[in-house]
Undergrad: 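Have a look at this one.
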2 protein chains.
Amino acid sequence: MVSIKDIAKQVGMSPSTVSRVINGKKYVNPEKRAEILRLIKETGYVPNKAARSMVMQRSFSVGIVIPDTFNMFQRQLFSIIERHLESFGYHTLFFFVKSDEASEEECLRRMKSEQLDGVILIQEIKNPRFYSYLLDMGLPSVCTTFAYDRIPSVHVDEEQAAFDGVMHLLNLGHREINMVNGAGVNFGLQRAEGYFKALASAGLPRDESRIVYVRSLTAESGMYGMRELLLRGGRNFSAVFAATDELAMGTIRVLRDEGIRVPEDVSVVGFDDIEISNYSIPRLTTIRQPLLEMGERTALMLHRSIVNRDAVESDAVLPYRLIIRESTARVG
Amino acid sequence: MVSIKDIAKQVGMSPSTVSRVINGKKYVNPEKRAEILRLIKETGYVPNKAARSMVMQRSFSVGIVIPDTFNMFQRQLFSIIERHLESFGYHTLFFFVKSDEASEEECLRRMKSEQLDGVILIQEIKNPRFYSYLLDMGLPSVCTTFAYDRIPSVHVDEEQAAFDGVMHLLNLGHREINMVNGAGVNFGLQRAEGYFKALASAGLPRDESRIVYVRSLTAESGMYGMRELLLRGGRNFSAVFAATDELAMGTIRVLRDEGIRVPEDVSVVGFDDIEISNYSIPRLTTIRQPLLEMGERTALMLHRSIVNRDAVESDAVLPYRLIIRESTARVG
DNA sequence: ATGAAAGCGCTAACAT
DNA sequence: ATGTTAGCGCTTTCAT
């Protein structure tokens, strides 16, 4: 592998000068610079990242912490974040964590060993030590899709968004509305709260038995959730609010298998607006999270707090939007 | 950040000894070892990866090259590969590449700078220099989901799989079968070949106008492709073979919008068997690629060629399987 | 404008 | 069994 020394030797200059050229520093004779640049291109020289990151005490990389079972929304989100991070000159390291103690611990270890410039969390970590570590190290971080006090975050007003989704159902005349929700995630609680508040605004009681909490946010879990609801109350509902689009797809699948038509018999509202929601049968009515903007803001926010370590970033609460498509209809 | 020196000082030993303990080498007094281990735990010491990778001339990381617009099958695949790689002790770096020259070039640069232990390609790279680089550097690599001469690969027999998919349609009595295919990917060509061979085996002519090539492998592109086919020949078909499940979803969407029922009016076969294919309406008949096994074999193969640099790995051609669900039916 | 030298944190060869 | 030393490739004072 060709190194900075090789280049230096070939042009008869010192490594320092070559380093200056590479880093675009001043105080280099334009002619020498040109020659060095030419040689760099010619030899295909590329700086060794480990060496550079050792001496500079930073890695030019940011870590993205994401559940190993990330859903499609999260997948789309991290692609966007990755793209923006790249435009700021960072590389991206993914840390897939399972939601158990050991995995979070391992993730922490890796993060330490990597000399990260910053961290983005797309997953609520259970272990409080995790956050303490970030804070103690003064490691720039931002949370996205959820909020954590003391770490800046980018998200939507979950509760209000859920409220609006359920209001849409209410406006369509639905009164018996179930919810399929994710367990163990904070936004699940917030979305449930919005759901209850909307019902309350229509004078409907808070009925916990109308919510089922499932372990993951996938279609598979959605099926499980809907079956459970059917078991609990039979067909005592005319609408379902699902905490994610994937959950909604599973819900619709079960309904369909039971011979219940969507939206003729039962209306379904999702949350996220992932790509296929616009292609599925029926197209899904859902609450769109502003994916592009969330990704952009997240990357920007992190970049800013890396560049200016003691600037305090404030949370960005972005606008969501109810997208009405085919899975909801006036109550029959 | 606590370093190996700090640990050494605190136990009154040399850094070498500490290093030996960390790396589980022999020749260290059990008591000292225990004490050092204790201190490591106590201080939360974690080795600096950059330093280690500089002196050892390797990074303990493998790069996964994947299209920036990766589809769901690829997403599922890389999750699995990542998991296995981790179990072998590697970290995973993702290289998202667009399919343009500049992006491939940039990817190459990054790969050089990272001192990778190995590379996995989930994407056919256009630029031959890319492969040359891998080969010249003696960098262990494996291709997955496609084959490249001179680099070991893990894949299914694309042509035969496509053949079987189309045979299923033929067996159902279909004779007018269209294909929605991905442009610019090698396996697209192979799947087309299987499609033609199946048709030929039923005495049907090779009609290029029945294939449409679309730019990506998404549902969006699938819609585009189906519309184009409709434009070309109207309803001159009773079945469609789509080169990926996502393409199939888009295809079905357009059909539905045209009032054409699946499978009553038109049968659709996909390829991949991604998760939602089992939840979509209708559930998709498709050719399953052995995701788990492909991921495992890919990781294992790479690991072996890293450990044993001059062992020659042979291609792994894994068994696919036709999964018959609801999107295909006997011709009406 | 340029070079010499030190040092980032670690491992490995060589002593002992 | 353990310490000493050199050096991985680079950036960054500090001289000049």
Side-chain angles (χ1 to χ4, degrees), chain A residues 1-37 39-40 43-61 89 91 109-117 137, chain B residues 1-37 39-40 43-61 89 91 109-117 137:
Chain A
M1 208 58 295
V2 32
S3 85
I4 206 173
K5 271 189 192 169
D6 303 321
I7 304 282
K9 202 168 295 170
Q10 288 191 51
V11 288
M13 312 211 65
S14 75
S16 326
T17 306
V18 179
S19 172
R20 287 189 188 98
V21 171
I22 290 165
N23 295 288
K25 303 258 167 147
K26 284 170 39 169
Y27 306 127
V28 176
N29 183 317
E31 292 175 23
K32 307 268 185 193
R33 158 166 282 139
E35 191 180 344
I36 291 173
L37 249 19
L39 205 57
I40 286 178
T43 54
Y45 166 78
V46 171
N48 180 309
K49 209 186 137 203
R52 169 180 268 185
S53 104
M54 178 153 53
V55 48
M56 298 182 77
Q57 300 283 50
R58 50 171 295 204
S59 61
F60 310 94
S61 306
H91 292 162
R109 281 182 53 81
R110 266 190 68 201
M111 288 182 31
K112 282 192 192 182
S113 77
E114 299 276 3
Q115 299 270 15
L116 295 179
D117 289 4
M137 296 290 297
Chain B
M1 211 58 288
V2 31
S3 86
I4 206 173
K5 272 189 190 167
D6 302 322
I7 305 282
K9 203 169 295 172
Q10 287 191 52
V11 287
M13 312 209 67
S14 76
S16 327
T17 308
V18 179
S19 172
R20 287 191 187 98
V21 171
I22 291 166
N23 295 290
K25 303 259 166 144
K26 283 171 39 170
Y27 305 128
V28 39
N29 183 317
E31 293 177 23
K32 308 269 186 192
R33 159 167 278 140
E35 192 180 344
I36 290 173
L37 249 20
L39 204 57
I40 286 177
T43 54
Y45 165 79
V46 171
N48 180 310
K49 209 187 138 203
R52 168 179 269 184
S53 103
M54 179 151 54
V55 49
M56 298 181 77
Q57 300 284 49
R58 51 172 293 205
S59 62
F60 309 95
S61 305
H91 292 163
R109 281 181 54 79
R110 266 189 68 201
M111 287 182 31
K112 282 191 190 178
S113 79
E114 300 276 2
Q115 299 271 11
L116 295 179
D117 288 5
M137 297 289 297

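The structure displayed is predicted, hence computed values, not measured ones.
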Undergrad: Could you check whether A:Ser59 and B:Lys49, counting side-chain N and O atoms only, form a donor-acceptor pair closer than 3.5 Å?
TA: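 Their side chains do not contain a donor-acceptor pair, so the 3.5 Å distance test is not met.
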Undergrad: Side chain of B:Pro47 only, heavy atoms from C-beta on: which candidate in D:dC10, C:dC10, C:dC8 is closest?
TA: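 Out of D:dC10, C:dC10, C:dC8, the nucleotide with an atom closest to B:Pro47's side chain is C:dC10.
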Undergrad: Does D:dG9 have OP1 or OP2 under 4.0 Å away from a side-chain N or O of A:Arg52?
TA: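 No.
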Undergrad: Would you give the length of the straight line joining atom OG of B:Ser19 to atom NZ of B:Lys5, rounded to the nearest 0.5 angstrom?
TA: 13.5 Å
Undergrad: Which listed nucleotide (D:dT12, C:dT2, C:dC10) is nearest to the side chain of A:Met56?
TA: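 When the side chain of A:Met56 is considered, D:dT12 is the closest of D:dT12, C:dT2, C:dC10.
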Undergrad: With a 4.0 Å heavy-atom cut-off, tell me which residues in residues 5-16 of chain B come close to DNA chain C, sorted by residue number.
TA: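 DNA chain C contact set from residues 5-16 of chain B: B:Ser16.
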Undergrad: Give a yes/no answer on whether the side chain of A:Tyr45 brings an N or O atom under 4.0 Å of OP1 or OP2 in D:dC10.
TA: yes
Undergrad: Which nucleotide wins on minimum distance to the side chain of A:Ile4, given the candidates C:dT11, D:dT2, D:dC10?
TA: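 So the side chain of A:Ile4 is nearest to D:dC10.
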Undergrad: Once you round to the nearest 0.5 Å, how far does CZ of B:Arg20 lie from CZ of B:Arg33?
TA: 10.5 Å
Undergrad: Which residue in the set B:His91, B:Glu114, B:Gln115 passes side-chain contact (heavy atoms from CB on, under 4.5 Å) when paired with B:Ser61?
TA: B:His91
Undergrad: Is the phosphate of D:dG9 approached by B:Gln115 (side-chain N or O, under 4.0 Å from OP1 or OP2)?
TA: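 B:Gln115 to D:dG9 OP1/OP2: no side-chain N or O under 4.0 Å.
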Undergrad: Strictly below 4.0 Å: does A:Thr17 bring a side-chain N or O up to OP1 or OP2 of C:dG3?
TA: yes
Undergrad: Provide, to the nearest angstrom, the distance between the OH atom belonging to A:Tyr27 and the C1' atom belonging to D:dT12.
TA: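 From A:Tyr27 OH to D:dT12 C1': 15 Å.
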Undergrad: Taking only N and O in the side chain of A:Lys25, is any of them less than 4.0 Å away from OP1 or OP2 of D:dT12?
TA: yes
Undergrad: Minimum heavy-atom separation for A:Arg58 to A:Asp117, with atom names?
TA: NH2-OD2, 2.6 Å
Undergrad: For A:Lys32, which contact category applies under a 4.0 Å heavy-atom criterion: base, sugar-phosphate, or nothing?
TA: sugar-phosphate
Undergrad: Between B:Gln57 and D:dG7, is there a side-chain N or O to OP1/OP2 distance below 4.0 Å?
TA: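 Result: no.
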Undergrad: Stepwise, does the side-chain contact (heavy atoms from CB on, under 4.5 Å) test hold for B:Met13 with B:Ile36?
TA: CA-CA 9 Å; B:Met13 312 209 67; B:Ile36 290 173; 4.2 Å; yes
Undergrad: What's the CD-P distance between A:Glu31 and C:dA1, to the nearest Å?
TA: 12 Å
Undergrad: To the nearest Å, give me how far apart CD1 (A:Ile22) and P (D:dT12) are.
TA: 12 Å
Undergrad: Under 4.0 Å from OP1 or OP2 of C:dC10: is there any side-chain N or O of B:Ser19 that close?
TA: no
Undergrad: Taking only the side-chain nitrogens and oxygens of A:Asn23, find out if one of them lies under 4.0 Å from OP1 or OP2 of D:dT11.
TA: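 A:Asn23 to D:dT11 OP1/OP2: side-chain N or O found under 4.0 Å.
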Undergrad: At 4.0 Å (heavy atoms only), tell me whether A:Val28 reaches a base, stays on the sugar-phosphate, or touches nothing.
TA: sugar-phosphate
Undergrad: Apply the side-chain contact (heavy atoms from CB on, under 4.5 Å) test between B:Val11 and each candidate in B:Thr17, B:Leu39, B:Val21; give the one that qualifies.
TA: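 Only one of B:Thr17, B:Leu39, B:Val21 forms a side-chain contact (heavy atoms from CB on, under 4.5 Å) with B:Val11, namely B:Leu39.
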Undergrad: Rounded to whole angstrom units, what separation is found between the CE atom of B:Met1 and the P atom of C:dC8?
TA: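 Checked: the CE to P distance equals 15 Å.
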